[in-house]
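Report on the following structure.
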Protein chains: 2
Amino acid sequence: MAKYPLIKTTLKDRLLGGHYLEGLPLPSEPQLAREFDVSRMTARRAIDELEREGYVYRVQGAGTFPTGKRFRQGVFRIRPFKEWARHPEHRTQVLRAIEIQATPEIAAVLQIEPGSSVAFIHRLRSAGDEPLVIEKRYINAALVGGLLERNLASESIHELLIAMGVPLTRVEQSLEAVNLRQEEAELLRVPVGTAAFLMRRTTYSGAQRVSYVNYWVRGDRYAFQDSFEP
Amino acid sequence: MAKYPLIKTTLKDRLLGGHYLEGLPLPSEPQLAREFDVSRMTARRAIDELEREGYVYRVQGAGTFPTGKRFRQGVFRIRPFKEWARHPEHRTQVLRAIEIQATPEIAAVLQIEPGSSVAFIHRLRSAGDEPLVIEKRYINAALVGGLLERNLASESIHELLIAMGVPLTRVEQSLEAVNLRQEEAELLRVPVGTAAFLMRRTTYSGAQRVSYVNYWVRGDRYAFQDSFEP
DNA sequence: GAGTGGTCTAGACCACTCG
DNA sequence: GAGTGGTCTAGACCACTCG
């Protein structure tokens with residue numbers, strides 16, 4: 001078992017528990033190395049990940065500091081599919097739903113063997129006549145036998161997974177701004193090159209990666225909104 | 001000068017140039033270490049960053065492979081200005097900082113009388129040579145006399161406001177995907193029409209609206225990242 | 001079994017911060 | 001000047017892949 005994950009979760013717990021005060025540095029790298037009885041490089045590795053995840057920031061010569069919650073940016077709330085489906089004028093169309101063999105890339109994202117079975121679901125969501133969101137989803141088929149026989153147009157896949165005994169415990173997502181390529185532009189009926197959001201989401205059930213989804217969302221019809229108290 | 005950034009950009013150039021074929025591994029870490037005359041750990045560090053940025057993926061025992069463009073995972077976190085400013089290679093350039101009279105639109109957003117004084121700050125943020133973010137900020141001048149005399153390139157405006165007795169108590173923000181118009185595209189040195197994030201933010205001090213900011217963020221260089229436990 | 005990436009060590013020198 | 005993070009080295013052992 002590797003050592004740095006333990007150091008990382010220990011430090012994360014302390015940070016979330018308020019053990020380290022804002023404005024004051026954490027123990028230095030040599031100190032942490034001594035505390036956890038590892039080399040400094042191993043302690044650094046744990047801190048590297050905490051920095052990447054936004055829990056701390058480092059200043060050369062000064063120290064490593066807890067990130068204040070004030071500017072935890074990039075946390076926009078996104079409307080879950082459930083609410084979307086409730087809107088009567090919204091509908092979801094299944095373009096494709098088949099079992100495929102994992103390409104190396106999909107295998108790497110889902111951490112399965114290349115060639116393993118993956119359920120691929122391609123959907124289009126519209127409001128009234130207007131297509132708004134394209135969805136391409138890859139699900140580890142070993143976890144969800146029979147998923148493709150369900151009614152994928154009317155049901156939330158998230159809830160289907162829960163019903164099939166695969167509760168989601170963690171979601172990682174990223175949001176990019178992209179120019180739509182021809183395939184997507186045609187589906188969304190906008191000119192090629194129109195700006196859109198591309199949201200990528202990986203879901204976990206425990207340590208197991210369950211699904212990987214790409215959403216293309218029309219930038220001219222959708223905005224994310226959020227408010228927070230610093 | 002550190003060695004790993006050179007290795008990283010060299011490999012990135014090769015990857016983007018199609019030097020390494022999809023499905024075939026890159027040279028192994030020991031080979032790359034020999035080629036660049038560094039230790040294996042230093043070569044790894046360069047590859048670590050390429051992996052994080054989605055250019056390659058690694059399979060233990062098998063090798064490091066180019067990621068097909070389809071599943072490129074973008075991995076830039078939006079950084080708070082404070083941390084941004086500390087990064088030596090990041091800089092902020094003030095394009096304009098003047099007092100103007102509120103247009104009807106700005107007046108409506110800030111809930112002041114049209115024609116009232118507003119501090120307008122236009123900045124450009126870059127990393128190295130690469131411009132990344134355009135910022136246009138409108139601040140209710142009645143709340144912040146003398147703001148424009150401060151060093152706006154090196155200081156966080158958020159902290160300046162706090163220092164001037166205007167603590168921020170609430171932020172409302174929205175995020176859109178837009179095609180860049182000529183003015184913005186020229187500043188960011190990308191083609192007209194390139195997809196970008198447009199973030200709009202209104203800040204409050206109590207019930208008082210303090211500022212309104214538009215950020216144009218290059219979509220090809222930035223992504224929002226988040227993870228949560230449902 | 002040869003080669004690959006994953007992790008770790010015990011050092012080293014450097015640039016930087018801070019009182 | 002003491003302490004901090006940034007980078008780098010030259011090893012080592014391991015789990016894993018693949019022919």
Side-chain angles (χ1 to χ4, degrees), chain A residues 1-11 15 20-21 23-52 55-67 102-105 107-109 111-116 207, chain B residues 1-11 20-21 23-52 55-67 79 82-90 127-128 154:
Chain A
M1 202 45 210
K3 299 179 185 176
Y4 71 85
L6 176 63
I7 302 173
K8 180 183 165 191
T9 57
T10 303
L11 292 178
L15 285 159
Y20 299 131
L21 300 180
L24 295 179
L26 272 64
S28 71
E29 293 174 358
Q31 282 171 341
L32 290 171
R34 277 194 297 277
E35 175 187 343
F36 291 100
D37 195 28
V38 296
S39 72
R40 185 181 149 215
M41 287 298 274
T42 300
R44 268 187 73 78
R45 166 102 191 233
I47 303 169
D48 281 346
E49 300 204 355
L50 292 174
E51 184 182 30
R52 239 195 308 144
Y55 290 96
V56 300
Y57 64 93
R58 297 198 264 209
V59 181
Q60 186 178 157
T64 301
F65 300 86
T67 307
T103 62
E105 293 91 337
V109 173
Q111 292 190 324
I112 54 179
E113 296 298 314
S116 307
Chain B
M1 204 43 209
K3 299 178 184 175
Y4 72 87
L6 176 64
I7 301 172
K8 180 184 164 191
T9 57
T10 303
L11 292 178
Y20 299 131
L21 300 179
L24 294 179
L26 273 64
S28 72
E29 293 173 359
Q31 282 171 342
L32 290 171
R34 276 194 297 278
E35 176 186 344
F36 292 100
D37 195 27
V38 296
S39 72
R40 186 181 149 217
M41 288 297 276
T42 300
R44 267 186 75 77
R45 163 102 191 234
I47 303 169
D48 281 345
E49 300 204 355
L50 292 174
E51 184 182 30
R52 240 194 307 143
Y55 289 97
V56 300
Y57 64 93
R58 299 198 264 209
V59 181
Q60 185 177 155
T64 300
F65 301 85
T67 307
R79 245 174 222 279
K82 199 171 154 190
E83 295 175 44
W84 173 286
R86 280 198 175 121
H87 257 261
E89 69 267 37
H90 286 161
S154 68

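Note on naming: letters A, B, ... go to the chains in the order of the sequence lines (proteins, then strands), and numbering restarts at 1 for each one.
Between the P atom of D/dC8 and the CG atom of A/Asp48 lies a distance of 13 Å, rounded to the nearest Å. Between A/Leu26 atom CG and D/dG3 atom P there is a gap of 19 Å when expressed in whole angstrom units. At whole-Å resolution of the value, CD1 in A/Ile47 and C1' in D/dT4 are 11 Å apart. Protein atom CD1 of A/Ile7 is 13 Å distant from nucleotide atom C1' of C/dT9, rounded to whole Å. Per the geometry, CD belonging to A/Glu29 stands 11 Å off P belonging to D/dT7, to the nearest Å. Counting to the nearest Å, the C1' atom of D/dC8 and the CG atom of B/Asp37 are 12 Å from each other. Between the CZ atom of A/Phe36 and the P atom of C/dC8 there is a distance of 13 Å, rounded to whole Å. Regarding B/Gln31, its CD atom lies at a distance of 13 Å from the C1' atom of C/dA2, rounded to whole Å.
Secondary structure note: stems in DNA chain C built from 3 or more consecutive Watson-Crick or G-U wobble pairs under 3.5 Å occupy C:1-18 with D:1-18.
Between D/dT4 and A/Ser28, a contact under 4.0 Å exists linking OP1 or OP2 to a side-chain N or O. Neither OP1 nor OP2 of C/dG5 sits under 4.0 Å from any side-chain N or O of B/Arg44. Look at A/Tyr4 and you'll find a side-chain N or O under 4.0 angstrom from OP1 or OP2 of C/dT7. Phosphate contact (OP1/OP2 of D/dC8, side-chain N/O of B/Arg45, threshold under 4.0 Å): absent. For D/dT4, the OP1/OP2 oxygens have no side-chain nitrogen or oxygen of A/Thr64 closer than 4.0 Å.
Shown here are the side-chain hydrogen bond (donor to acceptor under 3.5 Å, both in side chains) partners of B/Lys3, two or more places apart in sequence or in another chain: there are none.
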I'd like to know whether B/Glu29 forms a side chain to side chain contact (heavy atoms under 4.5 Å, CB included) with B/Leu32, so could you lay out the CA-CA distance, the side-chain angles of the two residues, the decisive distance to 0.1 Å, and finally the verdict.
CA-CA 5 Å; B/Glu29 293 173 359; B/Leu32 290 171; 5.7 Å; no
Test B/Phe36 against B/Thr10 for side chain to side chain contact (heavy atoms under 4.5 Å, CB included), laying out the working first.
CA-CA 10 Å; B/Phe36 292 100; B/Thr10 303; 3.9 Å; yes
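When all heavy atoms of B/Ala46 and B/Lys8 are compared, the pair lying nearest together is CB-N, 3.8 Å. Of all non-hydrogen atoms in A/Arg45 and A/Tyr4, the two that sit nearest each other are NH2-OH, 2.8 Å.
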Any chance you could list the contact pattern along nucleotides 10-19 of chain D? Use B for base contacts, S for sugar-phosphate-only contacts and - for none, protein heavy atoms under 4.0 Å, 5' to 3'.
B-B--BBBS-
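Between the CD atom in B/Glu35 and the CG atom in B/Leu11 there is a gap of 7.5 Å [rounded to 0.5 Å]. Distance check, rounded to the nearest 0.5 Å: CG of B/Leu26 to CD1 of B/Ile47 gives 7.0 Å.
Counting heavy atoms from C-beta on, the side chains of A/Pro66 and A/Leu21 never come closer than 4.5 Å. When side chains are defined from C-beta on, A/Tyr20 does not count as touching A/Val56, because their heavy atoms never get closer than 4.5 Å.
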